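Structure record follows, encoded as structure tokens.
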Amino acid sequence: MVSATLAGITGAILAPLLPHALDKLISCLVEYLSRDEPSSSSEVDKHEQLENEQEALEDANIKLKIMQDEVRKLHKRDKKNMRLIRINNKLRDVSYEIQDLEADLEYMELQRKVEEINLQDEAADMSQSKRPKRLFWFSWITGQSSNKRRRLSSSVSTDDIVNRMRSIVKQINCIDSEMTTEIKVDQLFQQIALNGVYDPWGQHQVKKNHGRETTSSIKERKIYGRDEEIESLTELLTKPVNCVGNISVVSISGMGGIGKTALAEFVFNSQEIQDHFDKRVWICVTDNYDRFRIIKEIIDLLSIDDDFKFPHDTTSLDLLETKLKRSLTGKKFLLVLDDVWSAEWQQLLDSLRSAEAEIVKILVTCRNHKALGSQYRNNASITLGGLSDEECWSFFLNCVFADENSDNYPKKILSTGWQIMKKLNGSPLAVKTVGRTLGRSLTEKYWQDLLKSDLWKLKNDENDIMSVLALSYYHLPQHLQLCFAFCSVFPKNCKFDELSVIDMWIAHGYVHENGSSSKTMRDIGREYYAELVAMGLFNNRVPFKMHNLIHDLAHSISHGEIYICEGQKDEKISKNVRHLCARSLFDLGSVCKTNNLRTLVLHRADDMCAFLNHGAFKRIRVLVILDTNMEELPETISNLKHLQYLDLQKTNIKSVPKSMCALYQLKVLKLPHQYILPSQFDNLMELREWNVIRANNTIHSMQDWPIFRVKKGGNNMISQLRNMNELRGSIAIEGLENIETVEEGMKAKLKEKCHIYLLTLSWKDSVDGCKHDVQEEVLEGLQPQPNLNHLCIDGYMGSKSPSWLMILQKLQTLFLIECKNWARLPAALGLLPSLETLRLSGIENITIEGDDTVTHMFTSLQSLALKKATVSFEGMSLSSSSSSSSLTTASCRKLFPHLQSLIVEKCDGVNGLPWQMLSSLKTLEINDSRGLQGQVPGCLQNLNSLISLEIKGLKIENTNMRAQQQQRGGLVPNLQLLNIECCENMGFLLDVLLPIPSLKILTISKCGSPVSLSALGHLSFLTDISLEEVQIKVEDVTPVFPSLQTLTLRKASMKVIVEDVTPVFPSLRTLTLEKASMIFQNISASSSLETTQNLNHFPKLTNLTIACHEVNGLHWPLFHGLDDHLLPGCLNAFSALTYLQLIGAKFKTFHAELMATPNALRHLYLQDCNELISVEGLHALPSLGTLSIIKCSQFRTLSMEQITEHGVFLPKLSYIYIWSCENLESLPAWVPRLPLLKSLSIIKCPKFHSLPEGGLPSSLQRLEITKCDTVLMERCQQEGSSDWLMIEHIPEQIYK
């Protein structure tokens, strides 16, 4: 929905023009004419005609550039001169014709090059073998023999080229004549104005009109002027406000762009909100509401970390709602519905009520309260207005000067800035866009020109900011105007990534390459993108989307060139459309009238053959197909000779047609995971980006990752890569075992692919007929370009290193995976100046050579990983022999000086590693590596930078290390994380390592014998302890863990000796005991039993889980004298407890006296408590909100005999969930008196046969009775029955 102001802006801003259009055409023509001499009289005539047209084009080019400048100068004075707008549109149209002719010439030149290269390769192949000639794809296109050299394609004759050039020159001359007239009129108007007769331009000024009121939003780390709103919104989301059942709605309203989304995003991502909610989902609704889409998006976002992904083509709403229920049961859920336009969103409430979430908060942002529907009067609301002058000025200065001090600039320029700021009416988006525009030129003249600009007159009331946004666009250079306007081809709220957009800009010729610069087109495109971000027109998120108001602006200034087809009835597509996004099926006939289409984005591709056969589509440069039902690409794709960007990633095509190899100008190709390449794929000489989407719909790594699979013969021989020297980024070549000779490998010409920075070479193991010496030769022939950054060699069975490995001076990462026979890495590898990561895995016996004559090696290496390998380091002694007089000291030699991470996993041998040199090491992992058996803990000396240490599966030998460390002040003094698992002689190792005051996280697991520790209780920074399958005795007398937050024991025991009444765990928040015990042993004779029993070692404990089959999961004297069938008396000490989970505990009921202490308890979860018979005593819990009883076989009733008939109890209980309790028969009479009960679930309780006599509470929103007594379930569903009458008020009922 575009405001009326945009209608004025559409005329007030000229459409951007293609830059340098004729320059490129003339360059192509010059190249063609200079290629070779004509050989016949007819060719001489044609050659002369082209030379004459070249001269005419050069003259026309001068006129064209002058007109492009003049039309903008005149337009500044007369924004609504329709004659100028028509002239500009004519210039735009002729620019497109120029671009089309240039593309045709470029296509013919590429076709000629492909033919020549193929002829040369064919001749080379014939000299090596007697194989018959292969036929080239373009031979059967043109009907000519491949061995016949031709100057031009038969499809485009010289006469046709000459005629098109003449037509272009004629159009430019006609436009020039009109432009001359306009210049004369302007000169006359200037003279009239100077004489003071009247203002000749005044009649063209835009009068005020009444469009929608809009402002803008902020997407910054700091939001100016919204502190009160942030605090208020946070409170509304975290406190119980206006709940209907378990759902409450909060709204943010205000004019478009005022900052509703920015405020919602800021609070949504705050730490307080993240901590409060278990699940958070953000959905952008827009004015095209679709319940199915929104529920599907919610499920996708909730399941983002799940192994199971929902089917992409699911059409069942019931199936979606079932998944939603599974995802939200028992959770605190925040749902943001951004940009809501109608009340239809309330349909979601039914789906959310059925989800059994503990609580659901819905935050709605909308422009009009009507969009809230029936929720308007019930919800809490925040209404946003403009910023105050003070806040607005602070934000304005930040946008203009960034981190600079504005006081360093003249007061006059700041005064002008204040006047500009006042015109922005407190609009954050206007401040941001105008401020960044001013920041580009900090001169008084520039600021005064902007202040006096006519564009300020375009606004139709004090709150309309569209003209302000247009002002920023107006100050963009032409090339950025083109890029910006094009992005409105993406629908509102559509997210897209930077590189894809840049590649599309390049395909359309919007990115101009500077011949004198070494920057690539993508580099220049990134600069364009960064400028648009700096201007506030794009945000810098990945992926990014345009603000709706910015999108409206971009779409309006495209002057009808861009259209998004929604499939509405009687929807018509203008013949001027050049960029079309079809979100549904559309009338092919209406598109065929355009004849100028350059971009086509299809969400449905049902009739691709018809599209591709029609002439209206032959000029397409960008084609994106998003139809998962598409399984085949038609052969007629070859008709799109101008195509440069083809995205098929969201399709399900299995193979690419051979005809696609005639798309010689194709630069970007994106394919789905399963695909088969055609023959002559190497004809795509201009291909730069070749992306392959993985099966999980994510691009491999963070970069583009094409995979080429080599096969013997057929279409996938490695020679297919030979001509594709424009490939950029990454490539993986698999199946190299199918290459039989070094000559065949060299045909890939990897050395010539100078834009590849990441290369993977893969062989398969145990392949018949693939000898190891052949693999060595093949690897030698696969030499990459010398500036390669990342190399991975996988499955190579040779033993030699390729000679070229040591000359890759810019190599940063080297992975050698499953190269079992690789014997040595030469010393030259350690001299590579850029190598940062080295990983060796699955190598039987490899030696990393050093050089005793060199003092500095592996100077840039930061990460070293050795896995399933036997590794030896040679020539890496502490001293070098670089000095002829004597050996230098160890301090003079620098080996691995910047190594920060070392991983040694399942290595049988690691010999000669210079541990003393690893002073920068921060992370060390040793896992099941016998090769380090005798080196730990001695190797840890001098690792003073180590922060994280993990040791698993080692046998530790006793040494005098403990005494040495006492003298030196402790081993690894800065260690913060320690993980010891399954190590023999663990006690000795821990005694050596634990006296480290900086330790924060300690994990000890799988120790066969008990371990006594003497230093554990004095680690003041320790925040997390996890013990598993280990017995620990803390020998410190009355230890104190002042910072410990989390303590976890699994199949473990922890014995603590106490002497006085000081709490051992004063800060502990979470305690988990799984088949584990904690024993407090009091050794003080002076402490009385009463004192010990009243002692609370966990004063701040909020979460307690006991999963065991013993009554006393916690053991201390407090339990003495208690009935074995009562709940563990430890609860008497936990006044701060909010979550209690008991699994496998043996008790019959709850002791009311014990339950009186944990009065903050909100969640109680009981499972496999097979002696539990009732919940007597729970009435003492005033904060209890959730009660879950699962698989408690003897549980019979919820009865609480101590409750009086009219008593008020459990005032906050909202959820009761009982599952698989086979002896439960009924619900007690007090259930109807629960004031806030929202959800009641009784599942798999076959004896449950009746509802309580008083019915169920009016607050109940959801009732589920499944797999219970069938008669009861039938009565509940029988309209008019007594049971049915008791529950008819419940909106959601489930019976199965």
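Numbers here simply count residues along the sequence, with the first being 1. All figures in this text were calculated on a predicted structure; none of them were measured in a lab.
Remark: Glu231 CD is loosely packed, at most 12 non-hydrogen atoms of other residues, nucleotides or ligands lying under 6.0 Å away. Remark: Gln274 CD is packed, more than 12 non-hydrogen atoms of other residues, nucleotides or ligands lying under 6.0 Å away.
Residues Val1034 and Val1064 are not in side-chain contact: their nearest non-hydrogen atoms beyond the backbone lie 4.5 Å or more apart. In this structure, Asp1269 and Phe1248 have side chains that are not in contact, with every pair of non-hydrogen atoms separated by 4.5 Å or more. Looking only at side-chain heavy atoms (C-beta outward), Thr1072 and Asn1103 stay at 4.5 Å or farther from each other. Looking at heavy atoms from C-beta onward, Lys1100 lies out of side-chain contact with Thr1102 at the 4.5 angstrom threshold. The shortest side-chain heavy-atom distance between Val281 and Leu334 does not fall under the 4.5 Å cut-off. Side-chain contact between Ser327 and Lys279 is absent, with no heavy atoms from C-beta onward closer than 4.5 Å. Within the 4.5 Å cutoff, the side chain of Ser1043 has no heavy atoms near those of the Ser1067 side chain. His1163 is listed as a side-chain neighbour of Tyr1139, based on a closest heavy-atom distance under 4.5 Å.
Note that NZ of Lys361 is 7.0 Å distant from CG of Leu236, once rounded to the nearest 0.5 Å. The OG1 atom of Thr1003 sits 7.5 Å away from atom CD1 of Ile1001, with the distance rounded to the nearest 0.5 Å. Separation of atoms CG (Leu1172) and NZ (Lys1191) is listed at 15.0 Å; rounding is to 0.5 Å. Rounded to the nearest 0.5 Å, atoms CD (Glu272) and CD1 (Ile230) are 11.5 Å apart. Between atom CG of residue Leu1213 and atom CG of residue Leu1178 there is a gap of 9.0 Å, rounded to the nearest 0.5 Å. For the atom pair OG of Ser1258 and CG of Leu1234, the computed distance is 11.0 Å after rounding to the nearest 0.5 Å.
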Donor-acceptor contacts, no H, no angles, side chain residues 1049-1056, under 3.5 Å, sequence neighbours left out:
from    : atom 1 : to      : atom 2 : distance (Å)
Arg1050 : NE     : Glu1074 : OE1    : 3.3
Lys1055 : NZ     : Gln1081 : OE1    : 2.8

Run the side-chain donor-acceptor check on residues 1022-1031: report pairs under 3.5 Å with partners two or more places apart or on a different chain.
from    : atom 1 : to      : atom 2 : distance (Å)
Thr1023 : OG1    : Lys1000 : O      : 3.2

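Evaluation of the side-chain hydrogen bond (donor to acceptor under 3.5 Å, both in side chains) rule for Tyr1165 yields Gln1167 as partners, not counting sequence neighbours. Applying the side-chain hydrogen bond (donor to acceptor under 3.5 Å, both in side chains) criterion to Asp1283, with sequence neighbours excluded, gives Arg1275. Scored by the side-chain contact (heavy atoms from CB on, under 4.5 Å) test, Arg1162 finds Lys332, Thr1138, Ser1183 as partners (sequence neighbours excluded). Applying the side-chain contact (heavy atoms from CB on, under 4.5 Å) criterion to Asn1159, with sequence neighbours excluded, gives Pro1182. For Phe1065, the ring pair (Phe, Tyr, Trp, His ring centres under 6.0 Å) criterion is met by Phe1041, Phe1098, not counting sequence neighbours. Partners of Ser1239 according to the side-chain hydrogen bond (donor to acceptor under 3.5 Å, both in side chains) rule, which considers only residues two or more places apart in sequence or in another chain, do not exist here. Not counting sequence neighbours, the partners of Trp282 by the ring pair (Phe, Tyr, Trp, His ring centres under 6.0 Å) test are Phe268. Under the rule for a side-chain hydrogen bond (donor to acceptor under 3.5 Å, both in side chains), Gln1045 has no partner lying at least two apart in sequence or in another chain. With sequence neighbours excluded, the residues forming a side-chain contact (heavy atoms from CB on, under 4.5 Å) with Tyr1295 are Leu1263, Ile1265, Met1273, Cys1276, Gln1277, Ile1287, Gln1293, listed by chain and number. For the side-chain contact (heavy atoms from CB on, under 4.5 Å) test, residues two or more places apart in sequence or in another chain that qualify with Glu1264 are Lys325, Glu356, Ser1241, Ile1243, Arg1262, Thr1266, Ile1294.
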Exercise for the section: Assess whether side-chain contact (heavy atoms from CB on, under 4.5 Å) is satisfied between Val250 and Ile362, documenting all intermediate values. Expected result: CA-CA 6 Å; Val250 179; Ile362 303 176; over 6 Å; no

Handout entry: Worked verdict on Thr1070 versus Thr1046 for side chain to side chain donor-acceptor pair (under 3.5 Å)
Key = CA-CA 5 Å; Thr1070 301; Thr1046 303; 4.6 Å; no

Practice task
Please step through side-chain contact (heavy atoms from CB on, under 4.5 Å) for the pair Val364 and Trp345, ending with a clear verdict.
Solution key: CA-CA 10 Å; Val364 177; Trp345 67 271; 4.0 Å; yes

Practice task
Output, in order, the C-alpha distance, side-chain angles, deciding distance and verdict of side-chain contact (heavy atoms from CB on, under 4.5 Å) for Leu301 and Ile283.
Solution key: CA-CA 9 Å; Leu301 291 169; Ile283 300 292; 4.0 Å; yes

Handout entry: Stepwise side-chain contact (heavy atoms from CB on, under 4.5 Å) test for Leu348 and Asp350
Key = CA-CA 5 Å; Leu348 295 173; Asp350 294 334; over 6 Å; no

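Ser1188 and Thr1186 get closest at one heavy-atom pair: OG-CG2, 4.0 Å. Pro1252 approaches Met1286 most closely through the heavy-atom pair O-SD, 3.5 Å. Taking every heavy atom of both residues into account, Cys1192 and Asn1170 meet most closely at CA-OD1, 4.3 Å. Pro1232 and Gly1255 make their closest contact through CG-O, 2.9 Å (heavy atoms, listed as atom of the first residue, atom of the second, distance). Pro1099 approaches Pro1066 most closely through the heavy-atom pair CG-O, 3.7 Å. Summarising the geometry of Ser1259 relative to Leu1237, their closest heavy-atom pair is OG-O, 2.6 Å, with the distance given to 0.1 Å.
When each of Asn246, Asp278, Ile298, Ile247 is paired with Phe333, the side-chain contact (heavy atoms from CB on, under 4.5 Å) condition holds for Ile298 and for no other. Between Leu1140 and the options Leu1184, Leu1166, Leu1164, a side-chain contact (heavy atoms from CB on, under 4.5 Å) holds for only Leu1164.
No side-chain donor-acceptor contact under 3.5 Å links Asn1223 to the backbone of Arg1196.
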